[in-house]
Amino acid sequence: MSKSKYEKVSSEIQRRIHDQIYPPMSRLPDQNTLAEEFGVSRVTIREACDRLAQLGLVYKQSGRGTYVLGDVAAHGDEAPESRFNGLTELRGEQHVTSDLLGFNVTMPSALVQAKLGLRADEPVYVIDRLRKIDDRPRFLEHNFIPLKLAPGLTRERLHGSLYAYLCDTLGLRLSGAKRDITATLANSRDVLYLKAEPGEPVLEVEQVMWLSTGENIDYSTVRNLARLGGYAMMNTYQQS
């Protein structure tokens, strides 16, 4: 399945932001102007801008328009705490690679049943991946995904973007995520795969993500070395 209209628009606007065609703190063209340029509806433009806001690239001021944050909101190696579109989209597919450490199908534990709202007889994919940025080990990901919501998931697909498969290939629409971020110490897997020093600080994100239908699509934990980057939280305030 090809990308939706709003995804194509958001990708092009994102490129313009990165290329400084729309520099930080500038206002984007209004929705009517963008809709005419891209040949789409205002609803599509609004959805594209919502996606850019989720990535921490723009913010909206009621009655004033949409403004570019650019690299102000997510600089260096910090990741926006609010992102749920995946590492590949955030960093760019030319920079992100994945080593598949484990992939199988099993029945969910009591914890996974509770997190994903499943019955004991509903199978899940169990996915372990090491994500690299510019060939540098950065994140250890452990995902549980209901088989019924993501049929056809294969080892080959997991070397690329998981979220691209869910959204672009299956046509699912991500709606939100709940995250808990905690600090802990490196374990043996962190030492082996992330090249951590024994006992050094590690950040772990526990996440449940759901679809626009209200169904939970992903329960995951992601671990990364604290010294290589944290998570940035951004709040914007609308003035009436």
Side-chain angles (χ1 to χ4, degrees), residues 50-51 54-56 79-90 98-131 138-155 157-194 196 201-226 230-235:
D50 288 344
R51 183 173 186 144
Q54 291 164 0
L55 291 172
E81 185 274 336
S82 60
R83 73 173 176 91
F84 57 86
N85 288 300
L87 182 64
T88 301
E89 180 170 341
L90 184 68
S98 301
D99 290 349
L100 186 59
L101 307 178
F103 177 60
N104 66 290
V105 176
T106 188
M107 295 302 173
S109 66
L111 173 63
V112 175
Q113 290 174 51
K115 295 292 185 180
L116 293 177
L118 298 175
R119 300 190 309 269
D121 62 350
E122 293 184 292
V124 294
Y125 297 105
V126 184
I127 304 163
D128 280 295
R129 295 192 298 174
L130 173 63
R131 311 301 302 282
R138 288 300 309 275
F139 300 95
L140 268 177
E141 294 184 355
H142 187 62
N143 301 75
F144 297 91
I145 295 177
L147 191 69
K148 64 180 181 180
L149 296 180
L153 189 58
T154 64
R155 288 178 173 271
R157 295 185 187 277
L158 291 170
H159 289 291
S161 170
L162 174 58
Y163 292 159
Y165 174 70
L166 297 177
C167 297
D168 300 338
T169 302
L170 297 183
L172 301 176
R173 185 164 182 180
L174 304 178
S175 179
K178 179 183 181 298
R179 297 183 178 89
D180 294 302
I181 303 173
T182 57
T184 184
L185 300 178
N187 58 31
S188 58
R189 282 173 54 85
D190 300 324
V191 173
L192 177 61
Y193 294 113
L194 295 177
V202 168
L203 296 176
E204 180 175 282
V205 180
E206 182 184 48
Q207 169 180 274
V208 175
M209 183 176 297
W210 57 89
L211 302 172
S212 58
T213 59
E215 298 169 288
N216 291 348
I217 182 67
D218 180 34
Y219 169 54
S220 64
T221 56
V222 181
R223 295 173 67 88
N224 69 280
L225 303 185
Y231 295 85
M233 180 175 292
M234 178 186 65
N235 292 310

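Note that the numbering runs from 1 along the sequence shown for the chain.
Under the side chain to side chain contact (heavy atoms under 4.5 Å, CB included) criterion, Glu215 pairs with Leu149, Leu211, Thr213, sequence neighbours left out. A search for ring pair (Phe, Tyr, Trp, His ring centres under 6.0 Å) contacts involving Tyr125 returns Phe103, not counting sequence neighbours.
Here the closest heavy-atom approach between residue Arg131 and residue Gly160 is recorded as NH2-O, 4.5 Å. When all heavy atoms of Pro108 and Ala120 are compared, the closest pair comes out as CD-O, 3.7 Å. In this structure, Leu194 and Phe139 approach most closely via the heavy-atom pair CD2-N, 3.8 Å. Closest approach of Leu170 and Pro151 over heavy atoms only: CD2-O, 4.1 Å. In plain terms, the two heavy atoms of Thr169 and Arg157 that are nearest each other are CG2-NH1, 4.2 Å.
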Cut-off 3.5 Å, no hydrogens considered: what does the side-chain donor-acceptor table look like for residues 183-192, sequence neighbours left out?
from: Asn187; atom 1: OD1; to: Arg189; atom 2: N; distance (Å): 3.0
from: Asn187; atom 1: OD1; to: Asp190; atom 2: N; distance (Å): 2.9
from: Asp190; atom 1: OD1; to: Arg223; atom 2: NE; distance (Å): 3.1
from: Asp190; atom 1: OD2; to: Asn187; atom 2: N; distance (Å): 2.9
from: Asp190; atom 1: OD2; to: Arg223; atom 2: NE; distance (Å): 3.2
from: Asp190; atom 1: OD2; to: Arg223; atom 2: NH2; distance (Å): 2.6

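For the atom pair Asp99 CG and His159 NE2, the distance stands at 8.0 Å (nearest 0.5 Å). Atom-to-atom distance recorded for Leu116:CG and Ile145:CD1 is 9.0 Å, nearest 0.5 angstrom. The structure places OG of Ser98 at 9.0 Å from CG of Leu162, a figure rounded to the nearest 0.5 Å. Note that the NE2 atom of His142 and the CD atom of Glu206 stand 11.0 Å from one another [nearest 0.5 Å]. For the atom pair OG1 (Thr221) and CG (Asp180), the distance works out to 12.0 Å, reported to the nearest 0.5 Å. Rounding to the nearest 0.5 Å gives a distance of 9.5 Å between CE of Met209 and CD1 of Ile217.
With a 4.5 Å cut-off on side-chain heavy atoms, Leu147 and Val124 do not count as touching. Using a 4.5 Å heavy-atom threshold, the side chains of Phe144 and Asp218 count as separate.
Counting only distance, with no hydrogens or angles, the side chain of Asn216 and the backbone of Lys115 share a donor-acceptor pair below 3.5 Å. The backbone N or O of Ser220 sits nowhere less than 3.5 Å from a side-chain atom of Gln207 that would complete a donor-acceptor pair. Between the side chain of Arg129 and the backbone N or O of Leu158, at least one donor-acceptor pair lies under 3.5 Å.
Residue Leu100 forms a side chain to side chain contact (heavy atoms under 4.5 Å, CB included) with just one option from Leu130, Asp128, Ile127, and that option is Ile127.
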